[in-house]
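Since this is a predicted model, take the numbers as computed values, not measurements. For the numbers below, each heavy atom of this structure counts, side chains included, while hydrogens, waters and symmetry mates do not. Proteins get letters first, then strands, A, B, ... in listed order; numbering begins at 1 in each.
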There are 2 protein chains.
Amino acid sequence: MNMIAPVTESLGRSRPRTSPKKVKELPVDTILEGDCIAEMARLPDKSVDMIFADPPYNLQLQGDLFRPEGGRVDAVDDDWDKFESLQTYDDFTREWLAEARRILKDDGTIWVIGSYHNIYRVGSILQDADFWILNDIVWRKANPMPNFRGTRFTNAHETLIWCAKDGQAKYTFNYRAMKALNDDLQMRSDWLLPICGGGERAKDENGEKAHPTQKPESLLYRILLACTKPGDVVLDPFFGTGTTGAVARRLGRKWIGIERERKYVKVARNRIDATLPLDESAMTVMADKRSAPRVAFGLLVESGMVPAGSKLTDSKRRWTANVNADGSISCDGQAGSIHKIGAALQGAPSCNGWTFWHVEEAGKLQPIDALRQKHLAAL
Amino acid sequence: MNMIAPVTESLGRSRPRTSPKKVKELPVDTILEGDCIAEMARLPDKSVDMIFADPPYNLQLQGDLFRPEGGRVDAVDDDWDKFESLQTYDDFTREWLAEARRILKDDGTIWVIGSYHNIYRVGSILQDADFWILNDIVWRKANPMPNFRGTRFTNAHETLIWCAKDGQAKYTFNYRAMKALNDDLQMRSDWLLPICGGGERAKDENGEKAHPTQKPESLLYRILLACTKPGDVVLDPFFGTGTTGAVARRLGRKWIGIERERKYVKVARNRIDATLPLDESAMTVMADKRSAPRVAFGLLVESGMVPAGSKLTDSKRRWTANVNADGSISCDGQAGSIHKIGAALQGAPSCNGWTFWHVEEAGKLQPIDALRQKHLAAL
DNA sequence: ACTTCTCCTGAATCGGCGT
DNA sequence: AACGCCGATTCAGGAGAAG
């Protein structure tokens, strides 16, 4: 078991500690065997970067599904049952989500997956707990189980809810990586992925499938790639056969799993041990421009890459601007930054001067952003 | 206005009548102008076969949003979508759903559409009110608005919840019709349909869009075809520009619309009057496009078919590229899509990366397009 | 007549940093 | 905390103009 000190210390805030014996250091790359709420209670405040949770889909309701067809059920008792189970499920959900919220860093995010049986309870309780929904994602199953009786639409999807701790949080979203993964189109909220089967499906000692609802690694791959950075800590409070851990290890993320059932813990351990991390070069993703170091236009002027006195023009040569010695530009009697002048000329509220303005080189127009990239590469 | 006697008489059950002056006969094929709860209160118990509801989503938008090219997004800022709090929204939802339940026949079903802003509230309250969820349906928008800032996944779907009054109800589901509509495959819970635009979009006197959130007729067509019979009565308590009425008339169903805003009522009346029953000319778009699904290269990376870290080469082994975790590839210090990098290396304006790049398998080079075909076949 | 190009628009909870 | 500046950011489809 590896240990790393939690980045943020427990602050002893409003929420009472539900357990007196909190761990001093965050246990990572390990499975905590026990009840998810009790084990979460031992983890420090604001210590994990992401939580992925695949909670039970409300076992009480599933019980109803197994009733013999045509059996006469007293309606009043049934309603009472249902109320009882929904109430119980809600209480359970509120409790583990409260712990999850406490453990999550302020800029961390949480993902919860569910079906129509439970996801509306989960979504409402997330909102009630002041989580801020960023997206809901539809996992479209490429190969769902058909509806054998022909009584409904084929239940061919599950729903994931992605939340920040509040509307102001600065969460991680690797936009360019997601765009790259989707052939240079923005990644949408509907994901088509096969269900987990074949060799990926974990087996127990008897060769039977080890877990009834094992999630595909491709699903976790996309989630972890989108919303975490290498080295981030991911918590999965309903670990099962450890899909989250396996993918986290492969992608160079740290992980914590909580699982109550010993048989699943064993399967998960073996599975993750057999998973090899990608080497660092393979782990790289398209970097967001936002995270690149800033280059002031004046720096290019200073360095002579775009000398003072040279001309800038837009791609259609509608306007020509003069470069001043201080990195400001002049056009139409106005002077200011490449962005300000670009916006003013177009009558637009804003403008990215780096892509708007061009220089002529060998008869061809080239955006000054290309020069910036050259400048960055030279460093 | 046509009148038909309610099929099921009011039984004077537990719920107190919220209005003393209930109509004696059910008003059909007409718009009731007024508040949805007050107007529903005038309708008799157990009198309609289906309810389709498109309630306000409570979007909670902040400031203006601008497109990259400078245009301003025409947001939904209407008063009818503003609520003081989640609590207020929940109270409103409980109230109109209670009336809806009272009016609905015991074997009737209800559909409610929403987005992540409100659908979890709606789903929970439906379950709390003892409605029985039969399916949740994902409307995948073929042409959603992009995420202009690159901050989240493109919000490309809305969710519909379909409920019976309880788990024992004998609801209508036209299984064969749905299967026929889907090329003789069971209709799934994810529907790909374009948003409402072009000539279908209702205009006001000034030629502006009459309503900010008009739903496409293809969506209502599928719902009414699936869950009602000819002659059934469909109630839409948030009628807007009357899509439900127009499609109901086209399909030979009776309809009741409730709408508070006079401007929408006028548009809806004109629109429905101009709709010819059983003219299916406008319905040609309703079937899912069954064109071959596009496969992103990233999908092969995610699924492990071309693992991150593996090498690609062109047929003559002049270049070798490294596969990154997000499906981009790197070569010669550049990173980008299989197409972009292939084009850049050759100095060509474009390149089909699927045929340009190869993987080595058993000493033989194989274009990655072959792997794509294998992936498609597996689905 | 046919193609190509430009422009417009759609239920959207759509920045970050330094001063 | 508020303000101001930098500068990052879009997909599909329909309509109508232009070639």
Just checking, is any N or O donor in the side chain of A/Y175 or B/N147 under 3.5 Å from an acceptor N or O on the other one? no
For residues A/Q186 and B/T154, is any side-chain donor paired with an opposing acceptor at under 3.5 Å?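 Their side chains do contain a donor-acceptor pair, which is all the 3.5 Å distance test asks for.
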What class does the angle between the rings of B/H211 and B/Y264 fall in, given that below 30° is parallel, 30 to 60° is tilted and above 60° is perpendicular?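 Because their plane-to-plane angle lies in the 30° to 60° range, the rings of B/H211 and B/Y264 count as tilted.
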Students often mix this up, so state it plainly: with edges at 30° and 60°, are the rings of A/F173 and A/W162 parallel, tilted or perpendicular?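 Aromatic pair A/F173/A/W162 classed tilted.
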Looking at DNA chain D, which of residues 333-345 of chain A put a heavy atom within less than 4.0 Å of it? A/S337, A/H339, A/K340
Assign each of A/D184 and A/R294 to its nearest nucleotide of DNA chain D by heavy atoms, then name whichever residue's nucleotide is nearer the 5' end.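 The residue closer to the strand's 5' end, by nearest nucleotide, is A/R294.
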Rounded to the nearest Å, what distance is computed from the CZ atom of residue B/R201 to the P atom of nucleotide D/dG13? 16 Å
Rounded to the Å, how far apart are A/I329 CD1 and D/dC6 P? 11 Å
Measuring only the [atom1] atom in each nucleotide, how far is [N] from [M]? A whole number of Å is fine.
{"N": "C/dT19", "M": "D/dG7", "atom1": "P", "result": "15 Å"}
{"N": "C/dA1", "M": "D/dA18", "atom1": "C1'", "result": "14 Å"}
{"N": "D/dA12", "M": "C/dT13", "atom1": "C1'", "result": "23 Å"}
{"N": "C/dC7", "M": "D/dT10", "atom1": "C1'", "result": "14 Å"}
{"N": "C/dG10", "M": "C/dC14", "atom1": "C1'", "result": "15 Å"}

Test: [X] and [Y] ion pair at under 4.0 Å:
{"X": "B/K215", "Y": "B/D236", "result": "no"}
{"X": "A/K179", "Y": "A/D184", "result": "no"}
{"X": "B/R250", "Y": "B/E217", "result": "yes"}
{"X": "A/D107", "Y": "A/K105", "result": "no"}
{"X": "B/K263", "Y": "B/D204", "result": "no"}
{"X": "A/K316", "Y": "A/D314", "result": "no"}
{"X": "A/R121", "Y": "A/D128", "result": "no"}
{"X": "A/R101", "Y": "A/D130", "result": "no"}
{"X": "B/D91", "Y": "B/R94", "result": "yes"}

Over all strands shown, is B/T213 touching base, sugar-phosphate only, or nothing at heavy-atom distances under 4.0 angstrom? base
By the 4.0 Å heavy-atom rule, please label B/P216 as base, sugar-phosphate, or nothing. nothing
Take A/K170 and B/D54, find for each the nucleotide of DNA chain C with the closest heavy atom, and name the residue whose nucleotide sits nearer the 5' end. B/D54
Tell me which of A/K316 and A/I133 sits closer to the 5' end of DNA chain C, going by the nucleotide each one is nearest to. A/K316
Should the heavy atoms of other residues, nucleotides or ligands under 6.0 Å from CZ of B/R271 be counted, would the total exceed 12? yes
With a sphere of 6.0 Å drawn around NZ of B/K209, does it hold more than 12 non-hydrogen atoms of other residues, nucleotides or ligands?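 Enclosed.
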Give each protein N/O atom lying under 3.5 Å from an N/O atom of nucleotides 15-19 of chain D, with the pair distance.
none

Let me have the donor-acceptor pairs involving side chains of residues 335-342 of chain A, under 3.5 Å, with sequence neighbours excluded, atom names and distances please.
residue	atom	partner	partner atom	Å
A/S337	OG	A/H339	N	3.3
A/S337	OG	A/K340	N	3.0
A/H339	ND1	A/G353	N	2.9

Boundaries of the DNA chain C segment in contact with chain B, non-hydrogen, under 4.0 Å: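 From 5' to 3', the first and last contacting nucleotides are C/dT9 to C/dG15.
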Within 45 degrees of the ring normal and closer than 6.0 Å to the centroid, is that where the cationic atom of B/R222 sits relative to B/W191? yes
Determine which bases of DNA chain C form Watson-Crick or G-U wobble pairs with both distances under 3.5 Å, and write the result as a 5' to 3' dot-bracket string with | for other-strand partners. .|||||||||....|||||
Give each protein N/O atom lying under 3.5 Å from an N/O atom of nucleotides 8-10 of chain D, with the pair distance.
residue	atom	partner	partner atom	Å
D/dA8	OP1	A/R372	NH1	3.2
D/dA8	OP2	A/N352	ND2	3.1
D/dA8	OP2	A/R372	NH2	2.8
D/dA8	N6	A/S350	OG	3.1
D/dT9	OP1	A/R176	NH1	3.2
D/dT9	O3'	A/Y175	OH	3.3
D/dT9	O2	B/F148	O	3.1
D/dT10	OP1	A/Y175	OH	2.6
D/dT10	OP1	A/K179	NZ	2.4

So, is C/dT13 syn or anti if syn means the angle is within 90° of 0? syn
